[in-house]
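Residue numbers count from 1 along this sequence. Predicted model only: the values in this text are computed from it and were never measured. Indexing begins at 1, ligand by ligand and atom by atom, following the structure's order.
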Amino acid sequence: MSEESISLEDLKGIGPKTADKLREKGYDSPEKIAVMRPEELADILKITKKAAKDIVNDAKEKVLDKAVPAFTFKEIIQKRKEKIQRIPTGSKELDRIFRGGVPTESILTIKGEYASGKTQLAYQLCINCLKYLKRKVIWIETESGTFVPERLIEMAKAVGLEIDPENDFIVVPASTINTPYSQFLAYERAVRMMKKKNMDVGVFVVDSFSAQFRAFYTGREMLPDRAKEQARHLGYLDNLASKYNMLIVLTAQVMDIPDQGGQLGERVKTGHTKRMVGGNVLSHWSTYIVSLQKLSTTDWEAVIADAPDLPMVRCRFRITPSGIRDVK
Ligand code: GTP
Ligand code: MG
């Protein structure tokens, strides 16, 4: 019998009645039984732990290879090659640092002060996703007035792209987002629309990720609650990244560090002297953290502050009418 066709009734000790009972509880496949704790199964079926263990073992015997995939190094590389896409940033220098662009199936957090270019870089990733990956975009705006369609049209024109106003973007505007909870609902709303419209989304932006958290959780005693809620958001977004092969782009504001020692430490760790709001939890969940700073009227600096596969490097870029570009 092939693994594909196996059903609950094919497991030793499970008849049609028992199978129905399990399905009712949501355990509708041998794969789900294989990863259960015997105690849990015993409890549901009102059978002994020994009998439950026999059923779980039989399920493992029959479907474990499918229930818990394991790969060789070669297979992992092959899989990544087939799946991971790279989204150009607009700056060749920055792309080079990212080995050809920011990869999908990851979370990119962009940190920096106001006017450091966070939103502009997020825009450019959206435009390049539409242009080069031919995949759609979701934008969650958590502070009003920061999603500017005219600017996106301008950037699109610069790469010869005409935005399809009906099908390229799902936008949740800031008007309904006034707490971290409504921000979470915005993700769910956007994903529901994506599924309904059967859209293939490559980039999912939350601009800003941290603003609502900062406003809602004031005071040190609320930090544990804030961390818990942040983890819930990031867990959801992380799951989207792998389920739909998306790049999640989050922007985060920074705050001053009062003492010079702290500033120096921050500079060593992240390239710049200001600390990201939402600090530890956000750092933990981000695949990449890029720290931005405005250097002059024409130039900006990006530092790869944290990455699993890239060294900490700096590069300069420009924000031009066409979008993010290299310093000529
Ligand atoms: P906050 O959201 O306030 O924290 O800032 P941010 O980091 O998102 O800054 P943003 O990405 O909005 O970058 C702002 C800078 O980009 C501005 O100071 C401008 O110099 C530049 N910029 C913004 N819009 C345009 C534009 O339409 N054309 C050009 N050439 N530059 C722009
Ligand atoms: Mg912004």
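- Near Lys294, the atoms of ligand 1 lying under 4.0 angstrom from a non-hydrogen atom of the residue are 18 (O), 20 (O).
- Remark: the backbone N or O of Ala252 is not paired with any side-chain donor or acceptor of Ser208 at under 3.5 angstrom.
- Neighbouring protein atoms of the Mg ion (ligand 2) (N, O or S, distance under 2.8 Å, waters ignored): Thr119 OG1.
- Across all their heavy atoms, Ala227 and Val281 have their closest contact at CB-CG2, 3.7 Å.
- Among all non-hydrogen protein atoms, the one lying nearest atom 32 (C) of ligand 1 is Ile319 CG2, 3.9 Å.
- The atoms of ligand 1 that sit less than 4.0 Å from any heavy atom of Glu113 are 7 (O).
- Contact annotation: for Gln253 versus ligand 1, there are no heavy atoms closer than 4.0 Å.
- Under the 6.0 Å cut-off for aromatic ring centres, Tyr288 and Phe98 qualify, their centroids lying closer than that.
- Ligand 1 lies less than 4.0 angstrom from a heavy atom belonging to Trp300.
- Between Thr146 and ligand 1 there is no heavy-atom distance shorter than 4.0 Å.
- Judged purely by atom type and a 3.5 angstrom limit, Lys157 has no side-chain atom pairing as donor or acceptor with the backbone of Leu152.
- The shortest contact between atom 11 (O) of ligand 1 and any protein heavy atom is with Gln120 N, 2.8 Å.
- Close N/O approach between Gly117 and ligand 1 is found [any backbone or side-chain N/O within under 3.5 Å].
- Glu301 and His272 form a side-chain donor-acceptor contact under 3.5 Å, judged by distance and modelled atom types alone.
- Under the 6.0 Å cut-off for aromatic ring centres, Tyr181 and Phe184 do not qualify, their centroids lying 6.0 Å or more apart.
- For the side chain to side chain contact (heavy atoms under 4.5 Å, CB included) with Ile33, the lone residue among Leu22, Asp28, Asp58 that qualifies is Leu22.
- Below 4.0 Å from some heavy atom of Thr320 lie the following atoms of ligand 1, by number and element: 29 (C), 30 (N).
- Residue Pro321 has at least one heavy-atom neighbour below 4.0 Å for each of these atoms of ligand 1: 30 (N).
- Considering backbone and side-chain N/O atoms, Lys118 comes within less than 3.5 Å of an N/O atom of ligand 1.
- Protein heavy atom at the shortest distance from atom 2 (O) of ligand 1 is Thr119 OG1, 3.9 Å.
- Residues that satisfy the ring-ring contact (aromatic ring centres under 6.0 Å, His included) test with Tyr217, not counting sequence neighbours, are absent from this structure.
- Distance alone, capped at 3.5 Å, places no donor-acceptor pair between the Ser116 side chain and the Gln293 backbone.
- Counting only N and O atoms by type, the side chains of Asn128 and Gln124 include a donor and acceptor under 3.5 Å apart.
- Scanning the protein heavy atoms around atom 5 (O) of ligand 1, the nearest turns out to be Ala115 N, 2.9 Å.
- Side chain to side chain, Asp54 and Asn57 fail the donor-acceptor criterion of an N or O pair below 3.5 Å.
- Ring planes of Tyr123 and Phe147: perpendicular class, angle over 60° (limits at 30 and 60°).
- Residue contacts with ligand 1: Arg151 is placed with a nitrogen or oxygen under 3.5 Å of a nitrogen or oxygen of the ligand (distance criterion only).
- The distance from ligand 1 to the heavy atoms of Tyr114 drops below 4.0 Å at these ligand atoms: 1 (P), 3 (O), 4 (O), 5 (O).
- For atom 26 (C) of ligand 1, a protein heavy-atom neighbour is present inside the 4.0 Å cut-off.
- With sequence neighbours left out, Tyr132 forms a ring-ring contact (aromatic ring centres under 6.0 Å, His included) with no residue at all.
- Residue pairs meeting the salt bridge (charged side-chain N to carboxylate O under 4.0 Å, His left out) criterion with at least one member in residues 138-155, sequence neighbours excluded, are Arg151-Glu154.
- Using a 4.0 angstrom heavy-atom cutoff, Glu143 does not count as in contact with ligand 1.
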